[in-house]
Chemist: 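Quick one: structure below, then a few questions.
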Number of protein chains: 2
Amino acid sequence: MARQSFSEHEVEQRRAGILEAAMTLFESGGLEAVSFRKVAAVLGCSYAAPYRYFPGKDALLVAMRAQAFRWMEREMLAAIRPQDPPRQRLRSLAEAFIRAGVGRPQRYALMFFGLTEGAGGPRSLELAAAKRDALDVCTRTVEAAQAAGELKLAVDPLTASHLFWAGAHGLVSLEVAGQLVMGRSLDELVPPMVRTLMQGLEDPQGLLLRQGRS
Amino acid sequence: MARQSFSEHEVEQRRAGILEAAMTLFESGGLEAVSFRKVAAVLGCSYAAPYRYFPGKDALLVAMRAQAFRWMEREMLAAIRPQDPPRQRLRSLAEAFIRAGVGRPQRYALMFFGLTEGAGGPRSLELAAAKRDALDVCTRTVEAAQAAGELKLAVDPLTASHLFWAGAHGLVSLEVAGQLVMGRSLDELVPPMVRTLMQGLEDPQGLLLRQGRS
DNA sequence: TGGATAAAGTTGACAGTATTAATTTAATAG
DNA sequence: CTATTAAATTAATACTGTCAACTTTATCCA
């Protein structure tokens, strides 16, 4: 006796459409270029229509951030080749993270510079999952290297992957924000950073066993 | 034959007043609580008056960021006691940075999460100087440790201080943004991070000379 | 002392924004 | 065909940054 509600799939499709439009605006003009009204204009609907699929702008931004984390996860996964030794995979991972972030500074800023965490609505579960999955790529790689005996950690693998993640993020973050002193390009800093992270994670005995280096 | 312009000092005083009002608003309600109109309301002037001292909101935010960097510089300087050995000073520096940032997450976010760098107006020179001075505290401490023979760097001191800075920032940044996996408190991560940074910066030979360990 | 002058400050206006409420459209079940 | 109701649109409110026109006011000079 009434108009049938949209199926879950249809709703998801509309959400995806809104998200895509928002992302397109974001890529071309940064956060300032993202507004419900512009999104609606791109989609050809009225400016209040998206409210049916996102309770507010915060929710839209959260979804955008989750998407950015998914992208980063893909970038990292694409960089680690199974045939490489675990230690090399860890290096590739760090390099991929850094280069992806620096290559798309706006997207990277969207990921990490979200100041309003948004009180954890139902949709921030998706964001949390996206973050966890991205970090998991890192954690698994660290664990694999340790399991293969190629990495002697001075701390537990989870802590190690957090430190690894934090170090890589710190470097990208500073570069993206233009904080690195002029004249020092990222190419100068990436290799020492990766080496510092790898080396710093290991206990001295591990270093001794393999005579240091790399 | 005309009303005398304000002296440089008077202008600076008004700028400082606006800045202070903006900071107060920021501390209590985040970036959303900062607007020219609210600042003016606090100061008791009309909403367009601040435009005489800041060309726009971006310029105001830049000045706020510079002030935050100056604060961080003071925090770090207060933490390094001259009587401590250089190595200990470096550790204290890192701890101070991390604890200051985590203790005031909003202010920290203001420092590093400024997405709009603002095309470098005349006032962003002050921001650049504030950033440089803060980083210099770190660089000088690293150099002192190296000069005292207490730190055998694997890279040049400037690169080392950048890595140090990046690592500390990465950790704080993740904590502030709530990216660290739940259950892992900062107290768990700070000591390993500091050790990782210190250890990672050193060349293997230096480690050998002092038998490893921090 | 009495304008003239120009800086400092105020007000009004415009274009945008997020968000909510009221309204309209349209599909479908009976 | 009609009642129902989800979806979409429109109207409206309360903000925002920014600029232009206007008013106030302190000073200098005649």
Side-chain angles (χ1 to χ4, degrees), chain A residues 1-19 21-22 25-26 28-65 114-119 121-123, chain B residues 1-19 21-22 24-26 28-65 114-119 121 123:
Chain A
M1 68 219 263
R3 174 180 184 166
Q4 187 172 274
S5 290
F6 282 160
S7 70
E8 192 63 33
H9 176 257
E10 283 170 316
V11 167
E12 213 53 47
Q13 210 166 339
R14 272 160 181 78
R15 287 183 57 94
I18 293 166
L19 207 56
L25 286 169
F26 176 76
S28 68
L31 260 190
E32 287 189 7
V34 178
S35 76
F36 268 46
R37 298 175 119 95
K38 288 191 191 127
V39 166
V42 168
L43 295 176
C45 64
S46 75
Y47 51 81
Y51 278 90
R52 219 154 256 288
Y53 304 97
F54 290 94
K57 194 177 184 182
D58 284 354
L60 179 58
L61 289 194
V62 165
M64 289 167 69
R65 297 218 286 147
L115 305 187
T116 58
E117 200 59 14
R123 271 289 153 178
Chain B
M1 69 220 262
R3 174 176 183 166
Q4 188 173 273
S5 291
F6 282 160
S7 70
E8 192 64 32
H9 175 257
E10 284 169 318
V11 168
E12 213 52 48
Q13 210 166 340
R14 271 157 181 80
R15 288 182 57 94
I18 294 167
L19 207 56
T24 301
L25 287 168
F26 176 76
S28 68
L31 261 190
E32 288 188 7
V34 178
S35 76
F36 268 46
R37 297 173 123 96
K38 287 189 191 130
V39 166
V42 168
L43 294 176
C45 63
S46 75
Y47 51 81
Y51 277 90
R52 248 170 221 285
Y53 304 97
F54 291 94
K57 193 177 186 182
D58 284 355
L60 179 58
L61 289 194
V62 164
M64 290 168 68
R65 297 220 285 148
L115 304 185
T116 58
E117 201 59 14
R123 269 290 152 177

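Because the structure is a prediction, the values reported are computed rather than measured. Protein chains get the first letters and strands the later ones, always in sequence-line order, with residue 1 at the start of each.
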Chemist: Examine C:dG16: is either OP1 or OP2 under 4.0 Å from a nitrogen or oxygen in the side chain of A:Lys38? Give yes or no.
Modeler: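 It does not, given that no N or O in the side chain of A:Lys38 lies less than 4.0 Å from OP1 or OP2 of C:dG16.
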Chemist: For A:Arg37 and B:Ala49, find the nucleotide of DNA chain C closest to each by heavy atoms; which residue's nucleotide sits nearer the 5' end?
Modeler: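 Its nearest nucleotide being more 5', the pick is B:Ala49.
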Chemist: Return the value, rounded to whole Å, for the distance between atom CD of A:Glu32 and atom P of C:dA15.
Modeler: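 After rounding, the gap between these two atoms is 19 Å.
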Chemist: Rounded to the Å, how far apart are A:Arg52 CZ and C:dT25 C1'?
Modeler: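 In whole Å, C:dT25 C1' lies 12 Å from A:Arg52 CZ.
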Chemist: Atom CG of A:Leu61 and atom CZ of A:Phe26: how far apart are they, to the nearest 0.5 Å?
Modeler: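 Rounded to the nearest 0.5 Å, the CG-CZ separation comes to 9.0 Å.
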Chemist: Reading DNA chain C from 5' onward, which residue's closest nucleotide shows up sooner: B:Arg14 or B:Tyr47?
Modeler: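 Looking at the nearest nucleotide for each, B:Arg14 comes out on the 5' side.
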Chemist: Out of curiosity, B:Lys57 NZ to B:Ser35 OG, how far, rounded to the nearest 0.5 Å?
Modeler: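 Rounded to the nearest 0.5 Å, the NZ-OG separation comes to 6.0 Å.
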Chemist: Quick one: CD1 on A:Ile18 to OH on A:Tyr51, what's the gap to the nearest 0.5 Å?
Modeler: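 These two atoms lie 11.5 Å from each other.
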Chemist: Categorize B:Ser5 for me: base, sugar-phosphate, or nothing, with a 4.0 angstrom heavy-atom threshold over every strand shown.
Modeler: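 Since only primed, P, OP1 and OP2 atoms lie under 4.0 Å of B:Ser5, the category is sugar-phosphate.
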Chemist: Distance check needed: D:dA6 P versus A:Phe6 CZ, whole Å only.
Modeler: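 So the two atoms are 12 Å apart, to the nearest Å.
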Chemist: Check whether any side-chain nitrogen or oxygen of B:Gln4 sits under 4.0 Å from OP1 or OP2 of C:dA7, and answer yes or no.
Modeler: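 So the side chain of B:Gln4 is outside the cut-off, no N or O lying under 4.0 Å from OP1 or OP2 of C:dA7.
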Chemist: With a cut-off of less than 4.0 Å, is there a side-chain N or O of B:Ser46 near OP1 or OP2 of C:dG9?
Modeler: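 No, outside the criterion.
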Chemist: Within this structure, what is the CD-to-C1' distance between B:Glu10 and D:dT27, rounded to whole angstrom?
Modeler: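 Rounded to the whole Å, the gap is 13 Å.
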Chemist: Can you tell me if B:Tyr51 touches the phosphate of D:dG17, counting only side-chain N or O atoms and a distance under 4.0 Å to OP1 or OP2?
Modeler: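 Indeed not, no polar side-chain atom of B:Tyr51 lies that close.
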Chemist: Calculate the interatomic distance between A:Leu43 atom CG and D:dT9 atom C1'; express it in whole Å.
Modeler: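 Going from CG in A:Leu43 over to C1' in D:dT9 covers 15 Å.
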Chemist: When the distance from OH of A:Tyr53 to C1' of C:dA18 is rounded to whole Å, what number comes out?
Modeler: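 In whole Å, C:dA18 C1' lies 19 Å from A:Tyr53 OH.
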Chemist: Quick check against the 3.5 Å criterion: does B:Arg37 have a side-chain atom that pairs as donor or acceptor with the backbone of B:Tyr47?
Modeler: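 Not confirmed, B:Arg37 side chain does not pair with B:Tyr47 backbone.
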Chemist: Whole angstroms only, please: what is the NZ-P distance between B:Lys57 and C:dT17?
Modeler: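 Result: 15 Å.
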Chemist: Could you give me the CA-CA distance, side-chain angles and deciding distance for B:Phe54 and B:Val62, then say whether side-chain contact (heavy atoms from CB on, under 4.5 Å) is met?
Modeler: CA-CA 10 Å; B:Phe54 291 94; B:Val62 164; over 6 Å; no
Chemist: Rounded to whole Å, please give me the gap between CZ in B:Phe36 and P in C:dG12.
Modeler: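 Computing the B:Phe36:CZ to C:dG12:P distance gives 20 Å.
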